[in-house]
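Computed from a prediction, not measured in an experiment: that's the story for all the values here.
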Amino acid sequence: MVDGQRMTIADDVRTNGATPNPWWANAVVYQIYPRSFQDSNGDGFGDIQGIISRLDYLAGLGVDVLWLSPVYVSPQVDNGYDIADYQNIDPRFGTMDDMDELLSEAHKRGLKVVMDLVVNHTSDEHAWFQASRDKNDEHADWYWWRPARKGHEPGTPGAEPNKWGSYFGGSAWTYDPKRGEYYLHQYSAKQPDLNWENPEVRKAVYKMMNWWMDRGIDGFRMDVIAEISKRVDSNGKLPGEQGGHIPDLPANHGYSTPFLACTDGPRLDEFLREMRRAVFDGREGYMTVGEAPGIRMKRDGYITDPAHGELDMMFLFDHVLFDCKNYDTWTPVPFKVEDLRKVMAKEQKVVRKAGWASLYFSNHDQPRALSRWGDDSEAMRVKSAKALGLLLHMHRGTPYIYEGEELGMTNAHFTRLEQYRDIQSLNIYQERVDEQHQVSPGEMLEVLAKRSRDNARTPMQWDGSKYAGFTASDASVEPWIAVNPNHDVINVEAEVDDPDSVYSFYKKLIELRHTNAVVAAGDWKLIDAHDEYVYAFTRSLGNEKLLVAVNCSSQNVPIPRQAAKLLATSGNLDKARLLISTTGSLPVRGQLGPWEGFVCRV
């Protein structure tokens, strides 16, 4: 049965193991980075009214869910992922009335709205944190406060409670003179970690979440939710603390990592189940997604299994770290399709019987996949963008499109440090170039051009005008970050009516997910697992089987053995068997052209 343009998956077809099948099993999510999507008032920042003005575009693309990166009140140190007030809209994005209008207008078009939520930490400007700076306040234990190490002067090097370093550079501890103690922040010093061991913290978080759900949003994407439970000993001490029983990890360049102690901690399942009961039980039509750095694949299968009552989906990181030496974003290694294939196959396997996969290559924290793994040259960009889109969307799970991905947007290719805005990028440059002298300025700029998060944060490219239609060409204020120079070629206006564009290809991919049960819920099986260039697999449901094959290179290559055999034994391969192809037709003479991919019945 089809509900509007999206088929309702019959309950005798298993998706995530729940009955009835969840609505999101054949939905497609579109991530909006609000500050870069559409500026409606000429101040250089995207805003909620700008999003409202583009809802018809999003509905026309065919997506089902809009995921908004944070629009809450924030000092914007980490572009909104440092929240100072969970229940108000930051003025640069608009007002609560604007937010209510967005919800209403989106729902009129059949679009659900999922909000980003950061509850591992807040801004240091949040009222909770400010109150906690007083040891006698009821919020005193809402964050991870610790005294200086004995024998050290508070606030001096070496006095920190342990040797943990922040993921954004420097120590993970900052001394607060008012309280006379240090507070933990895995990220910026402006982002102190909440103490989820305190039940009052959890109650306050759940109350806030219910407030938003009652207001009409359709769920949450939860930032670094896997880090809310920390490992402590029987006395509540973190690893490496004086008098504690858990040793710290060895230091590297002066710091150890909090990663193992702060990721997938011993109470994570308990907290997620409690959240489910407190916020979501009894509600319908919602979706929960958790960002899960460090979560093992097996754990993903457990947490997303509906029988365990935790989260609907999780964002795993293995498939966006395989091309990083020792999982270090800033030490890239060459892309090999075999490496991607191995990781994606494992991610598919863990949710084969229960649970569900989030399918993504790009988001606000990753460089553009097209520039990272594809070929963004003028000759290959369109082919490559289509191939990577086909590859991702034909896996089993719920696909996520990051704004501009449907156009084939590329990395910014910045060449100067002053072009960057991202705190992580700026801090890592300072740490590795200015402080530790690990690399030269030129070498670090080359790495930033490949891997900085700002590559994904340049303004959405609506047309070929001065500021890409993101803001008015005659605006007195430039966009908060520079527009990609290639916006004169890559933009909505140029692609929306072009049947051969990346945009039009993405519309077809979305339609397939909506209307074909094999694509939405069929079993996934890897074939030709060791081919150097081609990523191939099958999707099957009942008596129907689909073959998916994508050439992930810029050269002609032979169709690998198992895929070729399926093609050869499947009878007359007329166009009726072809579901979608990057070229519009089936491959010929047993060859796949550069970045050619197809899906057909076999």
[X] atom [atom1], neighbour heavy-atom count above 12 within 6.0 Å:
X	atom1	result
Tyr57	OH	yes
Glu478	CD	no
Gln419	CD	yes
Glu378	CD	no

For the residue pair [X] and [Y], what are the closest heavy atoms and their distance?
X	Y	result
Trp67	Val29	CB-CG1, 4.0 Å
Ile51	Pro34	CD1-CB, 4.2 Å
Phe93	Asp47	O-CB, 3.4 Å
Val333	Cys324	CG2-N, 3.9 Å
Pro594	Asn556	CD-OD1, 3.4 Å
Ile295	Met314	CG1-CE, 4.2 Å

Measure from the side-chain N and O atoms of [X] to the backbone N and O of [Y], and report whether any donor-acceptor pair falls under 3.5 Å.
X	Y	value
Arg109	Gly60	no
Glu291	Met222	no
Thr398	Trp24	yes
Glu403	Ala456	no
Glu406	Gly404	yes

Pair [X]-[Y], side-chain donor/acceptor within less than 3.5 Å:
X	Y	result
Asn484	Thr458	no
Gln366	Tyr360	no
Thr95	Asp98	yes
Tyr187	Asn120	no
His121	Gln186	no
Ser384	Trp373	no
Ser74	Tyr81	no
Asp422	Ser425	yes

Under a 4.0 Å N-O cut-off, is there an ion pair linking [X] with [Y]?
X	Y	value
Arg283	Asp218	no
Arg451	Asp328	no
Arg221	Asp223	yes
Asp376	Arg381	no

Any side-chain heavy atom of [X] within less than 4.5 Å of one from [Y]?
X	Y	result
His185	Phe168	no
Tyr86	Leu117	yes
Trp462	Tyr467	no
Leu58	Tyr30	yes
Ser452	Tyr420	yes
Met460	Ile32	no
Val492	Tyr503	no
Lys207	Asn210	no

Supply the atom-to-atom distance [X] [atom1] to [Y] [atom2], rounded to the nearest 0.5 angstrom.
X	Y	atom1	atom2	result
Asp365	Arg457	CG	CZ	5.5 Å
Thr471	Asn41	OG1	CG	7.5 Å
Leu340	Lys336	CG	NZ	13.5 Å
Lys386	Trp595	NZ	CH2	14.5 Å
Leu448	Thr329	CG	OG1	11.5 Å
Glu596	Lys383	CD	NZ	9.0 Å

Residue pair Glu101, Gln49: steps toward the side chain to side chain donor-acceptor pair (under 3.5 Å) verdict: CA-CA 9 Å; Glu101 182 182 353; Gln49 282 297 327; 3.0 Å; yes

Audit row: Lys466, Asp488, salt bridge (Lys or Arg N to Asp or Glu O under 4.0 Å) steps and yes/no: CA-CA 9 Å; Lys466 182 179 179 182; Asp488 60 334; over 6 Å; no

Audit row: Asn79, His364, side chain to side chain donor-acceptor pair (under 3.5 Å) steps and yes/no: CA-CA 10 Å; Asn79 289 9; His364 65 288; over 6 Å; no

Derivation of the salt bridge (Lys or Arg N to Asp or Glu O under 4.0 Å) call for Asp82 and Lys190: CA-CA 7 Å; Asp82 47 321; Lys190 299 280 290 180; over 6 Å; no

Row check, Trp480 ring normal vs Arg421 NZ/CZ: under 6.0 Å, within 45°: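 No cation-pi geometry.
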
Full working for side chain to side chain donor-acceptor pair (under 3.5 Å) between Ser188 and Asp78: CA-CA 8 Å; Ser188 164; Asp78 190 22; over 6 Å; no

Residue pair Tyr72, Asp85: steps toward the side chain to side chain contact (heavy atoms under 4.5 Å, CB included) verdict: CA-CA 6 Å; Tyr72 316 94; Asp85 186 343; over 6 Å; no

Check against salt bridge (Lys or Arg N to Asp or Glu O under 4.0 Å), Asp64 and Lys112: CA-CA 6 Å; Asp64 308 277; Lys112 291 181 179 287; over 6 Å; no

Working for side chain to side chain contact (heavy atoms under 4.5 Å, CB included), residues Met115 and Arg215: CA-CA 12 Å; Met115 291 187 72; Arg215 203 169 188 99; over 6 Å; no

Phe505 vs His393, ring-ring contact (aromatic ring centres under 6.0 Å, His included): CA-CA, chis, key distance, verdict: CA-CA 11 Å; Phe505 188 77; His393 283 246; 9.1 Å; no

Stepwise side chain to side chain donor-acceptor pair (under 3.5 Å) test for Ser371 and Asn455: CA-CA 9 Å; Ser371 298; Asn455 282 301; over 6 Å; no

Audit row: Glu105, Lys108, salt bridge (Lys or Arg N to Asp or Glu O under 4.0 Å) steps and yes/no: CA-CA 5 Å; Glu105 291 300 318; Lys108 285 178 184 177; 3.0 Å; yes

